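Everything on this sheet refers to the single structure shown next.
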Amino acid sequence: MINKESKTILEVHGLHATVNGVEILKGLDLTVKSGEVHAIMGPNGSGKSTFAKVLAGHTAYEVTAGTAMFEGQNLFELAPEERARAGVFLAFQYPIEIPGVANSQFLRLTYNTMQAQRGNEELDPLEFDDYVRDKMKRLEMSPNFLDRSVNEGFSGGEKKRNEILQMALLEPRLGVLDETDSGLDIDALSVVAHGVNELANKDNAIVLVTHYQRLLNYIVPDFVHVVDNGRIIKTGGKELALELETRGYDWVGVEHQAANLATVTAGAA
Amino acid sequence: MSEVLQDLVNRPYKHGFVTDIESDVAEKGLSEDTIRMISAKKDEPEWLLEFRLTSYRAWIKMEEPTWANVHYPKIDLQAISYYAAPKQKPKLESMDEVDPELLRTFEKLGVPLHERMALAGVAVDVIFDSVSVATTYKDKLAAVGIIFCSMSEAVKEHPELVQKYLGTVIPTNDNFFAALNSAVFTDGSFCFIPKGVKCPMELSTYFRINTEETGQFERTLIIAEDEATVSYLEGCTAPAFSSNQLHAAVVELVALDNADIKYSTVQNWYAGDKNGVGGVYNFVTKRGLAKGVNSRVSWTQVETGSAITWKYPSVVLLGDNSVGEFYSVAVTNHHQQADTGTKMIHLGKNTRSTIVSKGISAGRSSNSYRGLVRVGPKADNARNFSQCDSMLIGDKSGANTFPYINVRNNSAQVEHEASTSKIGEDQLFYFAQRGIDAEAAVSMIINGFCKEVFQQLPMEFAAEATQLLGLKLEGSVG
């Protein structure tokens, strides 16, 4: 929700990033303010998931140019765990399995790490158990997910719920959801979306990276951005998503090229 | 006997050792003379001297084994001094004189201050009287008939028991290092649990070795009579920085009918520096004899130290329905090499054994599991389950599994499972994205990996083992 008092949470300028020497992001700009929900859409290979991982600091990606300020801090000067502690949360497209580590143990460690960071009281295992069970109920997750190894043997939908559960526990300032809708059936999608909506408030911001419009029926974005070839080439309101759903992505690229050409021509004249 | 030999045997010990007020140190090298000298110094009975000499004569004909997957320069066994007593650590006046690295480690392990001082060799007689602590326990144990003392004391006070059992599980000529130990061992622990007694507490060498170093040829003998049970903890989890290059200990366990012996070790000898310089060679022979019906021998080990570990705690399942267990975590980092595992020798009917081995290799280390499961022709319905899991950290470490299975009875059931996994960048990134740094992440993954073994450890031990592993792998990632 856009409001007058909102503060800038994330400001990305001219971001270039490579993976294995191949440039994926080629000058991406994005400003996100508190209380806003942004959807980043685009065809496969456009760089939208790369953008999510670069924000979180995945080591496979190298930032070659550009800046990303997060609440006044240069994000690229922070290690991945420092970004997380500062309040950047990434819901993974493919959550990682960690055999042998109980989910409850993992969730409590991450929760307490964040609590310590904020100068809040940490919870002991019993207190945490009560706390997390309540959160799980809202996401319609069975408590037996606490005893299982982190994400191990979870179905696609269960993994995604576990991601949103972590987001609910950590209460980030910026939640980046990377293709959270992929692999979810309609029921699960509605539960997960409901979870996200409950978390969104005037002080935080959410960036949804998605290929399909259907998630946006449940989480209504304030802005829709189209990424193509490593840059945002069009920005609009929620209605842009619907247009993309019916017309596909190609026309945006064509339109963008035409506009570019016009600029170049005008400049030459 | 030729004159020369006669001469040799009877030669007085005038060159044998140097005596001064501080300590007795034998001249370097090993001969029958040295052994006679050790035995005489310790005022041992004739049978024990014979035991030593028999071992020595077997040993000089033996070759140092080379089959293990470890590489090290040949040890010059003639360059070692085989007797030094009393081996007193230099007394330091205050904690300021202690190696800061050692203090940092104690700090991380959460060792209480007075214990830190004792372990570091600071004079602490006033505030920490380990002798009286030991005596208190001894009295409590004696009340139920348990004998728990040093091997030297046992030889003096209970020679009949020592003579009856010493060398019955591990023959003097069993292997190169065991034979050497049998010839020259200076001390160790002795523990006897009489019939029907359940030992009321965990027995630990911890209290006994605070004041003196047990030395490099340690000899331990534990006997549990019918219906007796005992849980024994070896070593303490605080790092024992030993200057000794070679440790060749022998541990023998005897469990009679319905007896139960549980033996837990946390080994953290000096592993050498990160370039592989220095460190202890740990060549240990440990074997339990499940002699009686329904007896049980269970080994649990957490091996984190030593430059080289060569160790196969084994169980001979002689009694019908007897049970053998081996739970192991072996961690290697930097240039450490470990070749460790077990032998389960099924001789009695309906015998069962379980092997759970977890190997973790980081740095440039090498970690091998080597295990033998043998089922004899009379061992009807023997069962074994083995699980050997390896975890690699980084891409320069190695893990191997060498399972040997030898079955000579058709009714046997033998299962072997093995797996290899790796702590991946993606796992660490996942933790990092949740605010958890690599160190804490590795510690959590490793503890999950080792859970089945840690569950076997007595509770306080398990907590310390967890911390120890974290410490051990510090800096191995990222």
Side-chain angles (χ1 to χ4, degrees), chain A residues 52-61 78-118 148-152 159 162-163 165-167 169-172 174-176 178, chain B residues 327 329 331 356-360 387-395 417-456 459 462-463 465-467 469-470 473-475 477-478:
Chain A
K53 287 177 189 152
V54 165
L55 284 183
H58 195 292
T59 46
Y61 299 86
L78 302 178
E81 61 269 27
E82 292 167 335
R83 299 182 197 192
R85 289 177 204 159
V88 177
F89 180 91
L90 172 66
F92 283 59
Q93 182 178 5
Y94 303 108
I96 308 297
E97 300 191 356
I98 305 169
V101 175
N103 207 24
S104 56
Q105 220 185 341
F106 174 75
L107 294 173
R108 191 166 75 89
L109 179 64
T110 174
Y111 176 78
N112 279 340
T113 303
M114 226 57 93
Q115 289 295 96
Q117 176 75 18
R118 293 170 186 164
R148 292 170 59 180
S149 293
V150 180
N151 294 326
E152 194 186 32
K159 284 181 180 171
N162 207 33
E163 293 292 291
L165 174 62
Q166 292 172 53
M167 183 163 142
L169 287 171
L170 304 183
E171 299 178 344
L174 175 68
V176 181
D178 188 6
Chain B
Y327 296 95
V329 167
V331 187
V356 177
S357 164
K358 305 278 180 177
I360 300 159
Q387 184 187 334
C388 302
D389 299 323
S390 305
M391 179 171 275
L392 299 171
I393 300 175
D395 53 8
E417 285 179 11
S419 77
T420 303
S421 53
K422 202 172 168 185
I423 296 187
E425 285 287 315
D426 278 342
Q427 285 181 330
L428 294 179
F429 178 64
Y430 192 66
F431 275 96
Q433 218 303 304
R434 301 304 184 245
I436 302 165
D437 60 35
E439 218 163 279
V442 168
S443 158
M444 194 170 229
I445 294 172
I446 294 291
N447 282 306
F449 179 71
C450 301
K451 203 158 45 188
E452 290 152 281
V453 175
F454 285 172
Q455 278 165 354
Q456 299 296 325
M459 205 154 64
T466 304
Q467 284 172 305
L469 248 64
L473 293 169
E474 193 175 71
V477 186

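All chains are named by letter (A, B, ...) in the order of the sequence lines, taking the proteins before the strands, and each is independently numbered beginning at 1. Just so it is clear, the values below take in all heavy atoms, side chains as well, and ignore hydrogens, waters and symmetry mates. Everything quoted here is computed from the prediction, not taken from an experiment.
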Task: Distance in Å, A/His58 NE2 paired with B/Asp426 CG, rounded so as to fall on 0.5 Å steps - done: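 Rounded to the nearest 0.5 Å, the NE2-CG separation comes to 4.5 Å.
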Task: Spacing of A/Ile98 atom CD1 and B/Phe431 atom CZ [to the nearest 0.5 Å] - done: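 Answer rounded to 0.5 Å: 4.0 Å.
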Once side chain to side chain contact (heavy atoms under 4.5 Å, CB included) is applied, do any residues pair with [X], and if so which ones, sequence neighbours excluded?
| X | answer |
| --- | --- |
| B/Ser419 | B/Asp389 |
| B/Lys451 | B/Gln455 |
| A/Leu109 | A/Thr113, B/Ile436, B/Met444 |

Task: Candidate pair B/Arg434 and A/Leu107, rule side chain to side chain contact (heavy atoms under 4.5 Å, CB included), full reasoning - done: CA-CA 9 Å; B/Arg434 301 304 184 245; A/Leu107 294 173; over 6 Å; no
Task: Contacting moiety of A/Phe106, where chain B heavy atoms sit under 4.5 Å - done: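 Both backbone and side chain.
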Task: Per-residue contact mode, A/Leu170 against chain B (heavy atom under 4.5 angstrom) - done: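 When you check distances to chain B, only side chain atoms of A/Leu170 fall under 4.5 Å.
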Task: Contact listing (chain B partner; residues 82-89 of chain A; heavy atom under 4.5 Å) - done: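 So far as heavy atoms go, A/Ala84, A/Arg85, A/Val88, A/Phe89 are the residues that approach chain B to under 4.5 Å.
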Open item on the list: Main chain of A/Ile96, side chain of B/Gln427: is a donor-acceptor contact present, judged purely on distance under 3.5 Å?
Closed with: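 No, because the side chain of B/Gln427 does not come within donor-acceptor range (under 3.5 Å) of the backbone of A/Ile96.
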Open item on the list: Between A/Asn151 and B/Tyr430, do the side chains contain a donor N or O and an acceptor N or O under 3.5 Å apart?
Closed with: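 Judged by distance alone, the side chains do pair up.
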Open item on the list: Taking every non-hydrogen pair under 4.5 Å, which of A/Glu97, A/Glu163, A/Met114, A/Gln117 racks up the most with chain B?
Closed with: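 It is A/Glu163.
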TODO: Please report the closest heavy-atom contact between B/Gln433 and A/Leu90, naming both atoms and the distance.
DONE: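 Residues B/Gln433 and A/Leu90, closest heavy atoms: OE1-N, 2.9 Å.
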